[in-house]
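When a residue number appears, it is its place in the shown sequence, counting from 1.
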Amino acid sequence: MKTSTSLIISILAFGIFGIINTEMGVIGILPQIAEHFQVSASQAGLLVSLFALAVAISGLFLPLLFSGVNRKHAMLFVVAVFVMANIVSIFASNFTVALVFRVVPAFLHPVYFSAAFTTAAASVSQAQAPKAIAKVFMGLTAGMVIGIPITSFIADISSLAYAMTFFAIVNAITFLTMLFFIPSMPVTGRQSYGEQIKVMRKPIIWISLGAVIFVVSGMYAVYSYFAEYLSTVTRMSSNQISLMLILFGLTGIIGNILAGKWLSHKPQQAAIVYPLFAVLIYLLVFVFGNSDTEGNAGFVASDAGKALAASTPLGGRFGRPEDITPTVVFLASDEASWLTGERISASGGVH
């Protein structure tokens, strides 16, 4: 039975949700982790920063090495490693073991993302590829905004082990649905490594890399200081901040939807307008942030921007979804997230 395109995209998005849960979910439970393993908050923060560093390093070469592997097999392998690492983390008796089994699956993180994006793009027409990628990217937004509070809630009402079990269950569901519903996706007409790297000669690639690094660095900087800014500058109560976090998630999803639509019709114009729009919004937040009129529009731009960054090359002039382009641009976003993620490590969590 042929699997529908919408189901394939939903499974790919849920897979990203599971991986981002594993990556970012620990942010909300770093105090519990520090207490459980009897380590400092900054040491516990290594679970976040070293994960991001592993992604940034492996993104340089692993997606390229996996470029000739059946995409379904590659994604199943990555998710299986995450499931096993999650299970080990549940029963980890010391911090070193927990840290090692955080870093090991992190190296495979870019492999899943690059395979998921190219699979989404290949499942639809070239004109609809940006929209398909934006839908898959919703898994990232959901993982960051929904996964973190869910993990914190589970740890608060039960235990740290149950919070870690949540990671394993989500990834296990991804593995099973992918195993039974994603068709085999052998790579046809595979290019040599040298031919794939030739894409780096195109100036637009370097422009895209620079744009993504700056745009996503701004997004993660805002995200890292989000709660602290609303508390100390905007003077919001804890209940109001919680509401803003919910709005953050909703606007992130809206941003992904809008980005997909814009990129499907006018990819280059959308990619140019977004950074200018983001600058304007962040300036307004800076100027009026200490009043009751401070809004959440800036975060629509933030999440739309990462979808724009990931989708623009596929929606532009490069044609083949098998190109290295999506991997290169996504790597730039992870370099940016690692750069801004050092603050999370130093402080023991998002403030």
Margin query: In this structure, would Val124 and Ile11 fall into the same cluster of hydrophobic residues linked by side-chain contacts under 4.5 Å?
Written below: no
Check: His73 and Phe77: aromatic ring centres closer than 6.0 Å?
Finding: no
Item checked: Test side chain to side chain contact (heavy atoms under 4.5 Å, CB included) applied to Ser125 - qualifying residues, sequence neighbours left out -> Ala127, Gln128
Donor-acceptor pairs are to be reported for all side-chain atoms of residues 95-103 against protein atoms at under 3.5 Å, with residues two or more places apart or in another chain.
| residue | atom | partner | partner atom | Å |
| --- | --- | --- | --- | --- |
| Arg102 | NE | Leu47 | O | 3.2 |
| Arg102 | NH1 | Thr22 | O | 2.0 |
| Arg102 | NH2 | Glu23 | O | 3.0 |
| Arg102 | NH2 | Leu47 | O | 2.6 |

Note to self: Is there a continuous path of hydrophobic side-chain contacts, each under 4.5 Å between heavy atoms, that joins Ile272 to Leu280?
What the structure shows: no
Note to self: Any side-chain to backbone donor/acceptor pair from Lys135 onto Ala13? Under 3.5 Å, distance only.
What the structure shows: no
Margin query: Give me the atom names and distance for the closest heavy-atom approach of Phe167 to Asn21.
Written below: CE2-O, 3.3 Å
Check: Around atom CD of Glu35, are there more than 12 heavy atoms of other residues, nucleotides or ligands at under 6.0 Å?
Finding: no
Notebook entry, point to check: Under the side chain to side chain contact (heavy atoms under 4.5 Å, CB included) criterion, do Ile20 and His109 qualify, and how do the steps go?
Noted result: CA-CA 9 Å; Ile20 292 298; His109 176 294; 4.1 Å; yes
Notebook entry, point to check: Looking only at heavy atoms, what is the nearest atom pair of Ala168 and Ile90, with distance?
Noted result: CB-CD1, 4.4 Å
Check: Between Gly18 and Val170, what is the shortest heavy-atom contact and its length?
Finding: CA-CG1, 3.5 Å
Item checked: In one Ile/Leu/Val/Met/Phe/Trp/Tyr side-chain cluster, 4.5 Å: Phe181, Ile169 -> yes
Item checked: Under 3.5 Å donor-acceptor, Asn70 side chain and Met185 backbone -> yes
Check: At their closest point, which heavy atom of Ala74 faces which heavy atom of Val111, and how far apart are they?
Finding: CB-CG1, 4.5 Å
Notebook entry, point to check: Just wondering, do Val233 and Phe286 contact through their side chains at under 4.5 Å, heavy atoms?
Noted result: no
Notebook entry, point to check: Which distance, rounded to the nearest 0.5 Å, do you find between the CG of Leu108 and the CZ of Phe82?
Noted result: 7.0 Å
Margin query: Rounded to the nearest 0.5 Å, what separates atom CH2 in Trp262 from atom OH in Tyr274?
Written below: 10.0 Å
Notebook entry, point to check: Can Val26 be reached from Val104 by stepping across I, L, V, M, F, W or Y side chains whose heavy atoms are under 4.5 Å apart?
Noted result: no
Margin query: In this structure, would Val88 and Leu46 fall into the same cluster of hydrophobic residues linked by side-chain contacts under 4.5 Å?
Written below: no
Next item on the list: For residues Phe137 and Phe117, establish whether the separation of their ring centroids is below 6.0 Å.
Entry: yes
Item checked: Listed partners of Ser40 passing side-chain hydrogen bond (donor to acceptor under 3.5 Å, both in side chains), at least two apart -> Ser42, Gln43
Check: Ser6: what forms a side-chain hydrogen bond (donor to acceptor under 3.5 Å, both in side chains) with it, not counting sequence neighbours?
Finding: Ser4
Note to self: Let me confirm one number: the CZ-CD1 distance from Phe37 to Ile33, rounded to the nearest 0.5 Å.
What the structure shows: 7.0 Å
Next item on the list: Could you pull out all residues at least two apart from Leu283 that satisfy side chain to side chain contact (heavy atoms under 4.5 Å, CB included)?
Entry: Val279
Check: For the residue pair Pro110 and Ala106, what are the closest heavy atoms and their distance?
Finding: CD-O, 3.7 Å
Notebook entry, point to check: Are side-chain heavy atoms of Thr174 and Met75 found at a separation under 4.5 Å?
Noted result: no
Margin query: Using the side chain to side chain contact (heavy atoms under 4.5 Å, CB included) criterion, which residues pair with Ser123? Sequence neighbours excluded.
Written below: Thr5, Ile9
Next item on the list: With sequence neighbours excluded, tell me which residues meet ring pair (Phe, Tyr, Trp, His ring centres under 6.0 Å) with Phe14.
Entry: Phe17
Notebook entry, point to check: Can you pull the side-chain hydrogen bond (donor to acceptor under 3.5 Å, both in side chains) pairs that have at least one residue in residues 147-164, sequence neighbours excluded?
Noted result: Gln32-Asp156
Next item on the list: Enter the distance from Leu7:CG to Ile182:CD1 here, rounded to the nearest 0.5 Å.
Entry: 6.5 Å
Next item on the list: Report the distance from atom OG1 of Thr165 to atom CG of Asn86, rounding to the nearest 0.5 Å.
Entry: 9.0 Å
Margin query: Measuring from atom CZ of Phe107 to atom CG of Leu62, what distance do you get when rounded to the nearest 0.5 angstrom?
Written below: 8.5 Å
Note to self: Could you work out, with side chain to side chain contact (heavy atoms under 4.5 Å, CB included) as the rule, every residue matching Ile150, not counting sequence neighbours?
What the structure shows: Ile146, Ile154, Phe166
Next item on the list: Say whether, by atom type as modelled, one donor and one acceptor occur between the side chain of Tyr112 and the main chain of Leu12 under 3.5 angstrom.
Entry: yes
Notebook entry, point to check: By the rule that ILVMFWY residues connect when side-chain heavy atoms come within less than 4.5 angstrom, directly or transitively, which residues belong alongside Phe153?
Noted result: Ile157
Check: Tracing side-chain links under 4.5 Å among I, L, V, M, F, W and Y, which residues wind up in one group with Leu276?
Finding: none
Notebook entry, point to check: Which atom names give the shortest non-hydrogen contact between Val136 and Ala116, and what distance separates them?
Noted result: CG1-CB, 4.4 Å
